[in-house]
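Notes follow once the structure below has been shown.
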Amino acid sequence: MIVAQTCMLRDLFWKNGQCIRWQMMKRLSKLLYKHCSRKRDIWTANNLSVEDQATPEHMPINVFCFGTLAQEFSDSVEKEDLLFLTGFALVKSPTVKYDKRYICHLELFEEKGSTVFVCKHATAAVHEDVTMNSMKKGENQTVEKNLKYAYSKINELKPGMLANIYGVVTFFKHPFLSKGTDYCSTLTITDQTGGKLSCNLFNEKQDALPQIYKTGDIVRFHRIKIQQFQGELRGITNVGFSALTFDGRMGSPVSPRTSSKSYHFSDEDRRIVEQLRQWTMEQSLILEPTLKLSEVQPQQFFDLICQLVAKAEMDRSSTLLKVWDGTKCLYPIHKVQVDGEVLEGNPALIFELQNISVDIMAYDNHTEVAKCLKPGAYVRIYNLHAKLQASTGSDPQSSKCIEFYLHGGTSYGRGIKILPEDCYDVKELKKVLESAELSSNNYLSDCTLLGISSPLNELADNKEKIYTRLERCQEESVTVLTSHQHMEKAPLINVKTCKPPQKFCIRAKVESYEPKRLYQCVKLYCPTCKTLQEVPDEDDIAHVLQEASKKPLNSKLHNMSWYNTVLFDKKNQDVNKIALHFLDFEDVVQDPEKTLILTERVTLNEINQLSRKFGYIILVTSTEEKLTLLDLSAPFLIQGQLRHYGCKHCSDVQDINCLQQLTTHQSWSASTISQILGIHLLHYVFMIKLTLKDETASVDAMLWEEAEKFFKFRAAEVIASEVLQEQLELTMNMLCPKEKNPDTHPWFECCIKSYSSEDQIVSYQIFDTVLAEKI
DNA sequence: GCTTAGGGTTAG
């Protein structure tokens with residue numbers, strides 16, 4: 001529990017004898033603009049709408065927090081939190097007409113004694129008891145200590161309820177894209193009461209829907225809305241819905257699968273899950289829909305847990321999957337004729353497993369997922385059909401064989417799911433695959449004995465297991481995600497079609513990149529006005545210096561109180577001198593690398609020489625009465641090999657005499673110097689456009705804000721270092737080899753976010769991704 | 001701004 005302002009529970013304000021209990025519906029509503037009379041109010045007022053669950057019509061009310069309370073509140077509150085509001089003013093709402101909310105709104109000011117209590121992860125039902133009791137007793141205790149969720153039994157559900165329930169999944173469909181904006185998952189659950197509840201779960205993110213692997217899994221739903229539909233009750237996602245999924249097998253770890261960042265899970269929850277498991281087993285509720293290939297009978301529909309050996313795109317609506325599960329089908333199996341070139345997979349392994357693998361045709365909506373699979377992946381195929389082939393030959397009995405189809409559509413939960421390697425089913429599968437390999441090796445030795453020439457003699461000696469050799473086919477990416485590794489990889493078509501802003505993890509190839517001339521990848525960026533510009537080239541700088549050196553030196557400005565001046569003759573030109581003005585002259589000999597000098601009439605070449613010796617060089621020119629900086633087209637400060645530029649739009653250049661403030665070299669740095677001179681420093685940044693492509697689409701993604709983290713070196717260093725320039729070139733050539741078919745490029749996994757600019761153009765940027773160490 | 005789906009086999 002977070003208390004926005006210290007206050008004891010017994011001090012809670014009571015109105016008409018009732019404590020006001022609100023469930024927050026929306027976080028900092030976007031209606032803010034509409035509600036605030038002046039634009040600057042936005043920064044001081046937070047608006048949210050809350051729903052009083054006690055009112056039958058679920059009428060939301062607007063609440064405004066002002067001043068410091070607004071800030072504290074917005075920092076601590078999240079969707080679904082339970083709020084206690086005290087000391088508020090009840091004001092007639094001017095927005096009733098269009099927001100259709102409660103006729104009054106609440107206004108809270110800290111200075112007027114308003115208080116907001118924010119309670120995390122609570123349910124209203126339980127909260128009421130806890131709060132009321134606490135208040136009656138006048139105890140100053142936190143609510144969290146007593147926080148407990150109340151779960152409804154399925155047969156006790158009533159329309160209109162916002163329920164917390166546990167249940168065993170008896171049916172489910174994988175998340176699929178609905179005709180609306182969200183992904184949809186349909187499932188049915190039951191519990192010890194025998195009641196059944198079908199649910200329609202929606203979320204714009206596929207990963208946010210419950211991760212159900214099989215019927216028999218156990219789910220926990222919080223805040224699911226119960227509705228009536230065609231005479232039956234339905235559960236539907238509502239604001240604040242959250243879900244946990246558990247394996248339904250007795251004895252397996254009670255560890256929830258969820259996309260929630262935080263969730264409440266107690267011993268009581270563990271007990272409920274274990275009781276449901278026990279009950280499911282006793283009832284023989286779930287008929288195991290999974291079969292081994294050796295158990296398959298013709299005409300059956302079943303689930304298959306297997307490893308992908310190879311795949312081939314047959315046409316637009318069908319993909320061939322060659323899989324094995326370590327057992328051999330007892331019936332003759334139809335082999336799909338496919339050109340070896342289209343077949344993606346290791347030819348040696350395909351050959352090695354030819355007698356034990358089966359061909360599956362995945363149709364229509366399943367081709368999308370099938371195409372994304374990599375040989376070596378472990379998958380569960382739901383509702384696979386072992387269809388008996390129509391007889392063709394003269395002897396109908398003998399020619400019949402089984403064809404495996406994953407038909408189009410989603411009925412009966414039909415689909416494909418990639419299984420994580422550490423899941424129970426995969427561990428079990430590996431055991432079977434391992435024992436199957438022994439016999440397949442026996443088969444190989446027979447071949448050798450019989451003198452049959454085979455490319456596998458060599459492989460037979462290889463101790464490495466076939467399934468791990470297959471796993472290796474899932475080529476590694478040249479990049480590493482620094483977080484979100486658990487997120488499912490989204491096809492690029494999703495990235496393109498989902499409304500921004502969104503975040504995704506993707507796996508693709510770099511088809512091309514821009515700019516091709518890599519030195520142009522580094523730009524100058526002004527964090528103040530957010531503009532980008534090219535780094536001036538040597539010619540541009542030389543030109544500015546040349547113009548400046550046309551101005552004569554002014555001896556009146558030499559040897560002032562805060563600098564000492566030394567004049568040098570230019571080569572063979574007596575009249576053409578350059579001037580160096582030294583700050584902190586005593587230190588020059590001792591610590592030249594810490595010295596700050598102002599230079600006049602120098603050439604680029606001379607600057608390069610001077611910068612090797614002196615720490616900081618500021619380029620100046622003389623006027624009649626003072627030294628001034630050069631045009632900001634040139635760098636105003638040189639620090640070793642680094643050239644610092646100022647923003648022409650944002651800088652308000654100050655008199656050079658301000659530099660007197662710099663008393664010791666301890667205070668010299670690019671940022672302090674630029675600050676004193678009123679210059680807004682431009683930052684060196686990478687700006688590279690990568691065209692990423694997978695089977696579904698191509699997307700132009702910028703490598704920008706996190707590019708330095710990605711490459712693990714700084715943009716400013718690249719400008720100054722030929723070694724790094726070379727390294728950058730090598731890296732880009734590795735990501736996207738020139739003159740090669742993009743399909744042969746390495747895999748590029750990254751996190752990508754979409755956002756739209758003011759002019760509604762959607763852009764994509766790479767984040768939380770770095771180059772892999774080994775490359 | 002706020003619906004979407006609302007289980008019940010393809011027909012290759």
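Side chains included, hydrogens not; waters and symmetry mates left out as well; all remaining heavy atoms used. A note on names: the letters A, B, ... follow the listed sequences, proteins ahead of strands, and every chain is numbered from 1. Not measured: the values here are computed from a predicted model.
The residue among Lys499(A) and Asn203(A) whose nearest nucleotide of DNA chain B is located toward the 5' end is Lys499(A).
Taking the ring-ring contact (aromatic ring centres under 6.0 Å, His included) definition, one finds that His385(A) meets it with Phe301(A), His407(A), sequence neighbours left out.
Classification of dG7(B) as anti follows from a glycosidic angle more than 90° from 0.
Rounding to whole angstrom units, CZ of residue Phe241(A) and C1' of dT4(B) are separated by 15 Å.
Remark: Arg249(A) engages Asp247(A) in a salt bridge, criterion side-chain N to carboxylate O under 4.0 Å.
Residues Thr290(A) and Arg380(A) bring a donor and an acceptor atom of their side chains to less than 3.5 Å of each other. Inspection of the Glu232(A) and Gln228(A) side chains reveals no N or O donor paired with an N or O acceptor under 3.5 Å. Between Thr190(A) and Thr170(A), the side chains place no donor N or O within less than 3.5 Å of an acceptor N or O (distance only, hydrogens not considered).
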Self-check item: nucleotides 5-12 of chain B: protein proximity per nucleotide (B base, S sugar-phosphate only, - neither; heavy atom, under 4.0 Å)
Solution: BBBSBB-B
Anything under 3.5 Å between a donor and an acceptor, one on a side chain of residues 491-507 of chain A, the other on a protein residue two or more places apart or in another chain? List them.
from	atom 1	to	atom 2	distance (Å)
Asn494(A)	ND2	Tyr183(A)	OH	2.8
Lys496(A)	NZ	Ser698(A)	O	2.9
Thr497(A)	OG1	Ile493(A)	O	2.7
Arg507(A)	NH1	Glu749(A)	OE2	2.5
Arg507(A)	NH2	Glu475(A)	O	2.7

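Taking atom C1' in both dG6(B) and dT10(B), the straight-line distance is 22 Å, to the nearest Å.
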